Amino acid sequence: LAGACRFSVAPAPGAPENDLEEIMSRLVEASRKTYRDLLETDGFMDFYREATPIDVLEASSIGSRPSRRTGARTLADLRAIPWVFSWSQSRFFLPGWFGVGSALQWMQREDPVGATRLAAAVPHWPFLRYVLTNIETSFSGADAHIMEAYAGLVTDDSVRAAFFPRIVAELDRTKKEVANVFGRPPQERRPRFARSTGRRAGALEVLHRRQIALLKDWRQQVADNRPDAAENTLIDLLQTVNAIAGGLRTTG
């Protein structure tokens, strides 16, 4: 939400000048704060590095530039494309929606009139519809069942317990709040999209399970300093990356 709203946009026809933009700006700031709070919590990068195949992407030659700017294993050093790609591979799609549900709830609580005005503007403000539809597409690609399987790769139980429930709670919150703004859930408003997603779900789950098993093997082989075995497993892992991206029709 914060990233999508950096651009100057026109308010809905008939609205007082800058009125809806001001409401939207406050919503963006609330969403950004929730998102940054997650990213800056101690242990988050440990969760991220084990619950996604970011290490596979770093070991590959995918992309025109290295995944990291200087090689440091920090969030600030990670480029945007592998950050988003890795979250999509593990079906979190987290950068596309995290913080939105909390922001919408905050606005309902702190400025119910503004929240009502924002919802009323959806049919008339193309930019707002575009932003919310993209958020909806992101969380529609998320799958809590598959997310949990990837979270199972996190070796520290306390790290997993600190972040996975928090992420799932925000996912549920965002789905609920965005549906409230639109007036109906995506399954009713976008039935063809829902059918397309549903048809691919079974095959994608098989691919994800295969990737998770390979990730376990590959990480152990790297830890055991078995380079030949690790190289062979990496080839299989990269095939799952390509297959999952193809099945999702996106790299994130």
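The structure presented is a predicted model; accordingly, all values stated were derived computationally and were not measured.
Between the OG atom in Ser88 and the CG atom in Leu248 there is a gap of 6.5 Å [rounded to 0.5 Å]. Rounding to the nearest 0.5 Å gives a distance of 8.0 Å between CG of Leu20 and CG of Leu128. Between Arg109 atom CZ and Leu104 atom CG the span is 11.5 Å, to the nearest 0.5 Å. Remark: Asn232 CG to Leu214 CG distance equals 11.5 Å, nearest 0.5 Å. Going from atom CZ of Phe85 over to atom CG of Leu57 covers 5.5 Å, rounded to the nearest 0.5 Å. The CZ atom of Arg32 lies 13.0 Å from the CG atom of Leu27; values are rounded to the nearest 0.5 Å.
Between Val56 and Gln211, every side-chain heavy-atom pair lies at or beyond the 4.5 Å cut-off. Residues Arg189 and Pro186 are in side-chain contact: their nearest non-hydrogen atoms beyond the backbone lie under 4.5 Å apart. Val241 places none of its side-chain heavy atoms less than 4.5 Å from the side chain of Ser60. Ile244 is not listed as a side-chain neighbour of Asn242, based on a closest heavy-atom distance of 4.5 Å or more. In this structure the side chain of Asp46 never reaches within 4.5 angstrom of the side chain of Asp156, judged on heavy atoms. Side chains of Pro191 and Arg195 form a contact here, defined as non-hydrogen atoms less than 4.5 Å apart. Annotation: side chain of Trp83 is in contact with side chain of Pro95 (closest heavy-atom distance under 4.5 Å). Taking the side chain as every heavy atom from C-beta outward, Leu234 and Leu238 approach each other to under 4.5 Å.
Between Lys33 and Asp37, at least one side-chain N (NZ, or NE/NH1/NH2) sits under 4.0 Å from a carboxylate O, which counts as a salt bridge. A salt bridge does not link Glu110 to Arg26: none of the charged side-chain nitrogens sits closer than 4.0 Å to a carboxylate oxygen. A salt bridge links Arg49 with Glu58: at least one charged nitrogen is closer than 4.0 Å to a carboxylate oxygen.
Side-chain contact, Gln221 with Thr233: a donor N or O sits under 3.5 Å from an acceptor N or O. A donor-acceptor pair shorter than 3.5 Å can be found between the side chains of Ser86 and Tyr48. Using modelled atom types, one finds a donor on one side chain and an acceptor on the other under 3.5 Å when comparing Arg200 with Ser196. Looking at Arg190 and Thr137, their side chains do bring a donor and an acceptor atom within 3.5 Å of each other. For the residue pair Ser102 / Glu170, a side-chain donor-acceptor distance below 3.5 Å is found, with atom types taken as modelled. Side-chain N/O atoms of Thr155 and Arg160 include no donor and acceptor closer than 3.5 Å.
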* To do: For Leu237 and Thr240, run side chain to side chain contact (heavy atoms under 4.5 Å, CB included): C-alpha distance rounded to whole Å, both residues' side-chain angles, the deciding distance at 0.1 Å, then the answer.
  => CA-CA 5 Å; Leu237 265 172; Thr240 68; 4.2 Å; yes

* Asked: Between Glu205 and Asp143, is a side chain to side chain contact (heavy atoms under 4.5 Å, CB included) present by the stated rule, with each step listed?
  -> CA-CA 10 Å; Glu205 181 164 359; Asp143 185 309; 6.0 Å; no

* Given side chain to side chain donor-acceptor pair (under 3.5 Å), test Tyr150 with Gln89 step by step and report yes or no. => CA-CA 10 Å; Tyr150 279 91; Gln89 282 280 304; 5.7 Å; no

* Trace of the side chain to side chain contact (heavy atoms under 4.5 Å, CB included) decision for Trp218 with Asp55 -> CA-CA 10 Å; Trp218 180 67; Asp55 46 352; 3.4 Å; yes

* To do: Check step by step if side chain to side chain contact (heavy atoms under 4.5 Å, CB included) holds for Leu39 and Phe98.
  => CA-CA 10 Å; Leu39 271 54; Phe98 194 92; over 6 Å; no

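The six-membered or imidazole ring of Trp87 lies away from that of Phe93, with a centre-to-centre distance of 6.0 Å or more.
Judged purely by atom type and a 3.5 angstrom limit, Thr133 has no side-chain atom pairing as donor or acceptor with the backbone of Tyr130. Between the side chain of Arg219 and the backbone N or O of Glu50 there is at least one donor-acceptor pair closer than 3.5 Å. Between the side chain of Asp111 and the backbone N or O of Met107 there is no donor-acceptor pair closer than 3.5 Å.
Here the closest heavy-atom approach between residue Ser31 and residue Val100 is recorded as OG-N, 3.7 Å. Residues Ala51 and Phe92 approach most closely at O-CE1, 4.1 Å, considering heavy atoms. Smallest separation of non-hydrogen atoms from Leu215 and Pro53: CD1-CB, 4.1 Å. Counting all heavy atoms, side chain and backbone alike, Val168 lies closest to Met147 at CG2-CE, 4.2 Å. Closest approach of Arg117 and Ile23 over heavy atoms only: NE-CD1, 4.1 Å. Nearest heavy-atom pair, Leu118 versus Met24, reported as atom, atom and distance to 0.1 Å: CD1-SD, 4.2 Å.
Other residues, nucleotides and ligands contribute at most 12 non-hydrogen atoms within 6.0 Å of the CZ atom of Arg210. When the shell of 6.0 Å around CG of Asp42 is examined, it contains 12 or fewer heavy atoms from other residues, nucleotides or ligands.
Using cut-offs of 30° and 60° for the angle between ring planes, the Phe163 and Phe47 rings count as tilted.
A continuous path of ILVMFWY side-chain contacts below 4.5 Å connects Leu38 to Leu171, so both sit in one hydrophobic cluster.
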